[in-house]
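Inspection log for the structure reproduced underneath, given as structure tokens.
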Amino acid sequence: MTDELSECIQKIDLKDSKSDDESTSSSSSSSGGELANEFEIEDVEALLKEGKVKNIVMVVGAGISTSAGIPDFRTPGTGLYSNLERYNLPYPEAVFDIKYFKKRPQAFYTLSKELLPGLYAPTITHHFIAQLGKLGILKRIYSQNIDGLERLAGLEEEKLVEAHGSFASSRCTRCKKVYPNSEVHPMLRAGTVMECTSCEDRNDRAYVKPDIVFFGEGLPDRFHDLLNDDLEECDLMIVMGTSLYVYPVGGIPDGVGNDCPRILINRELVGSFKEDRRRTADAFYCGNADDGALRLAKALGVEEEVKESYKNLKASIDKKREEINNN
Ligand code: CNA
């Protein structure tokens, strides 16, 4: 049995066990517990169709970019953590550990070749997110991704919190000198470690790192400045393509009120979606992010717009990549 299937079955077990609980309690037919059992993606579609949702907050992770060709961390077999032999790391997270980077930056530079923006086209899900922005019902998206695909799909910067930073700027980890992308990106693309040329102590090397948040570093101010108000206003939480394993982002879905509808669109059940029985309106769509995104896009009447913008941008990025490969 695949992990994916076993997780789906776990979901069914969870529902069954809830029903059992309720069948033993009296007058439970209209209890919040039972409502939670029955809340499904169809209910979320209905809320969207009826225009009852005005302030969506999203939490997304690497799983929304796998269909673009970028591996996630934890999917067994294809995830980066299953393919780390070539980086020669003591433990998988070391590749994003600031202490490790300062001593041995090569693993990160090797990995960057696979993550650096420019070679990949945004997915259906990214275009769905951009449409939510255009419709004016997206309050904010908290993305853990560093691939820049939300922006590339046309999402307004104001709607986006890149909680784990991005490749958009880079600096020396010691003296903080900023280096331009025109110098840093070719080095990342080649997997060649870039040393800082202005640190005074030339006997103790320091390296240039994109402004990606590593383990051991703080999240951007923008994250802390916006989160509480966003959660207060949120009337639908959409979580897609993430294991919710990395904190503090992994805890965001738990910050909304117990009666706020939440939907997880993922290949497996994760985080508090697995066990939080206080919640009356949790839905789980077990499957590919793009399929779930299209269902919600259809409910909003923008399915064709999403497909069309995906097709057009993908064609132009694929063409550009082909030109680069041929040169
Ligand atoms: P993760 O821990 O690898 O989890 C990914 C989740 O997505 C898993 O639960 C998968 O089952 C699920 N998944 C994978 N593919 C799909 C799909 N097509 N449809 C639906 N679900 C899918 O990744 P997280 O984002 O949760 O972990 C946070 C890390 C990953 C962040 O610090 C990122 O910087 C880092 N990361 C980012 C990228 C990127 O920018 N594209 C790539 C790899 C890792």
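Read the numbers this way: they start at 1 and go in the same order the structure lists the ligands and their atoms.
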Using residues 210-219 as the side-chain source, report each donor-acceptor pair under 3.5 Å to any protein atom, sequence neighbours left out, with the distance given to one decimal.
| unit_1 | atom_1 | unit_2 | atom_2 | d |
| --- | --- | --- | --- | --- |
| Asp211 | OD1 | Arg171 | NE | 2.9 |
| Asp211 | OD2 | Ser169 | OG | 2.5 |
| Asp211 | OD2 | Arg171 | NE | 3.3 |
| Asp211 | OD2 | Arg171 | NH2 | 2.7 |
| Glu217 | OE1 | Lys209 | NZ | 3.2 |
| Glu217 | OE1 | Phe214 | N | 2.8 |

Taking only distance into account, with no hydrogens and no angle test, what donor-acceptor pairs under 3.5 Å do side-chain atoms of residues 298-310 form with protein atoms, sequence neighbours excluded?
| unit_1 | atom_1 | unit_2 | atom_2 | d |
| --- | --- | --- | --- | --- |
| Ser309 | OG | His127 | ND1 | 3.2 |
| Ser309 | OG | Glu305 | O | 3.0 |
| Ser309 | OG | Val306 | O | 3.2 |

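Assignment of Pro71 to the shell around ligand 1 is supported, since a heavy atom sits closer than 4.0 Å. Under a 4.0 angstrom heavy-atom cut-off, Ser67 registers as lying outside contact with ligand 1. The shortest heavy-atom distance from Gly287 to ligand 1 is under 4.0 Å.
When the options Arg267, Met240, Gln144 are ranked by their closest heavy atom to atom 28 (C) of ligand 1, first place goes to Gln144. Within the set Ser143, Ala163, Gly250, Ala62, the minimum heavy-atom distance to atom 38 (C) of ligand 1 is found for Ala62. With distances taken over non-hydrogen atoms, the option nearest atom 18 (N) of ligand 1 out of Ile265, Val270, Asn145, Thr66 is Thr66.
In the vicinity of Leu115, heavy-atom distances shorter than 4.0 Å reach the ligand 1 atoms 42 (C). Every atom of ligand 1 is numbered from 1 in the order shown, and the set under 4.0 Å from a heavy atom of Thr75 is 10 (C), 14 (C). Within ligand 1, counting atoms from 1 as listed, the ones closer than 4.0 Å to a heavy atom of Gly61 are 25 (O). For ligand 1 and Arg74, the ligand atoms under 4.0 Å from any heavy atom of the residue are 1 (P), 2 (O), 3 (O), 27 (O). Within ligand 1, the atoms closer than 4.0 Å to a non-hydrogen atom of Ser65 are 41 (N), numbered from 1 in the order shown.
One finds the CG atom of Leu160 at 5.5 Å from the CG atom of Leu155 (value rounded to the nearest 0.5 Å). Here the straight-line distance linking atom CD1 of Ile238 with atom CD1 of Ile129 works out to 8.5 Å at 0.5 Å rounding.
Linking ILVMFWY residues whenever their side-chain heavy atoms come closer than 4.5 Å, directly or via other members, places Ile98 and Ile146 in the same cluster.
With Lys54 contributing its side chain and Gly51 its backbone, the two residues share a donor-acceptor pair below 3.5 Å. Using modelled atom types, no side-chain atom of Glu195 and backbone atom of Ala206 make a donor-acceptor pair closer than 3.5 Å. Although no hydrogens or angles enter the test, the distance criterion places no donor-acceptor pair under 3.5 Å between the side chain of His224 and the main chain of Asp221. In this structure a side-chain-to-backbone donor-acceptor pair under 3.5 Å is present from Asn145 to Ala62.
Protein heavy atom nearest atom 40 (O) of ligand 1, with residue, atom name and distance: Ile146 N, 2.8 Å. Counting only heavy atoms of the protein, atom 9 (O) of ligand 1 lies nearest to Glu268 OE2, 2.5 Å. The closest protein non-hydrogen atom to atom 32 (O) of ligand 1 is His164 ND1, 2.8 Å. Summary of contacts: the protein heavy atom closest to atom 13 (N) of ligand 1 is Gly63 CA, 3.7 Å. Given atom 5 (C) of ligand 1, the protein heavy atom at minimum distance is Asp72 OD2, 3.4 Å. Closest to atom 26 (O) of ligand 1 among all protein heavy atoms lies Thr242 OG1, 2.7 Å. For atom 29 (C) of ligand 1, the closest non-hydrogen atom on the protein side is Phe73 CE1, 3.6 Å. Looking only at protein heavy atoms, the nearest one to atom 39 (C) of ligand 1 is Asp147 OD2, 3.5 Å.
Counting heavy atoms closer than 4.0 Å to ligand 1, residue Ile70 contributes side-chain atoms (C-beta onward) but none from N, CA, C or O. Counting heavy atoms under 4.0 Å from ligand 1, residue Ile212 does not touch it at all.
The side chain to side chain donor-acceptor pair (under 3.5 Å) with Arg140 is formed by just one residue from the set Asp229, Asn55, Asp230; it is Asp230.
Ring planes of Phe96 and Phe108: perpendicular class, angle over 60° (limits at 30 and 60°).
In summary, the aromatic rings of Phe284 and Phe273 are positioned with their centroids too far apart to meet the 6.0 Å limit.
Inspection of the Arg267 and Thr75 side chains reveals no N or O donor paired with an N or O acceptor under 3.5 Å.
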